[in-house]
Amino acid sequence: MGINVQLYRKASQGDCDWNQFAIVLDIPKESHAIAFGLLLGGEGRIWVDNFPFEEVNRKTPTTDNDSQDELPMLPLNLNFELQQ
């Protein structure tokens, strides 16, 4: 199962002070790994610090955009012929 959360709507542009971003997800018990990353569009630098993982109260709302779609087990449309 994969959960993809994108914070691009909160993205910073240009020079800016430090920003704090938080992601809250319901992680299934059968999960065995958590992978995360950053995306930089264009030139520039991303500075990061402190990636804590914390368990929160079940009443804490998630930030997963109401989407917990499963990722496919295999790559799809490798010949780029499918229309969306």
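Along the sequence shown, residues are numbered consecutively beginning with 1. In this text the structure is predicted, and so the values were computed from the model without any measurement.
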- Message: Looking at V24, is its backbone amide N or carbonyl O close enough to the side chain of T63 to form a donor-acceptor pair, meaning the two atoms are under 3.5 Å apart?
- Response: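 Yes; judged by distance alone, with no hydrogens or angles, the pair exists.
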- Query: When clusters are formed from ILVMFWY side-chain contacts under 4.5 Å, directly or step by step, what else is grouped with W47?
  - Reply: W18
- Using a side-chain heavy atom cutoff under 4.5 Å and only I, L, V, M, F, W and Y, what cluster partners does L78 have?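 Traced through the cluster, L78 reaches no other member.
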- Message: If you compare all heavy atoms of D26 against all heavy atoms of T62, which two are closest, and at what distance to 0.1 Å?
- Response: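 That closest heavy-atom pairing would be OD2-CG2, 3.7 Å.
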- Query: Taking only residues two or more places apart in sequence, or in another chain, which ones meet F36 in a ring pair (Phe, Tyr, Trp, His ring centres under 6.0 Å)?
  - Reply: F51, F53
List for me each residue that meets side-chain contact (heavy atoms from CB on, under 4.5 Å) alongside [X], sequence neighbours excluded, and say none if there are none.
X   : answer
I46 : L38, L40, V48
D15 : none
P61 : none

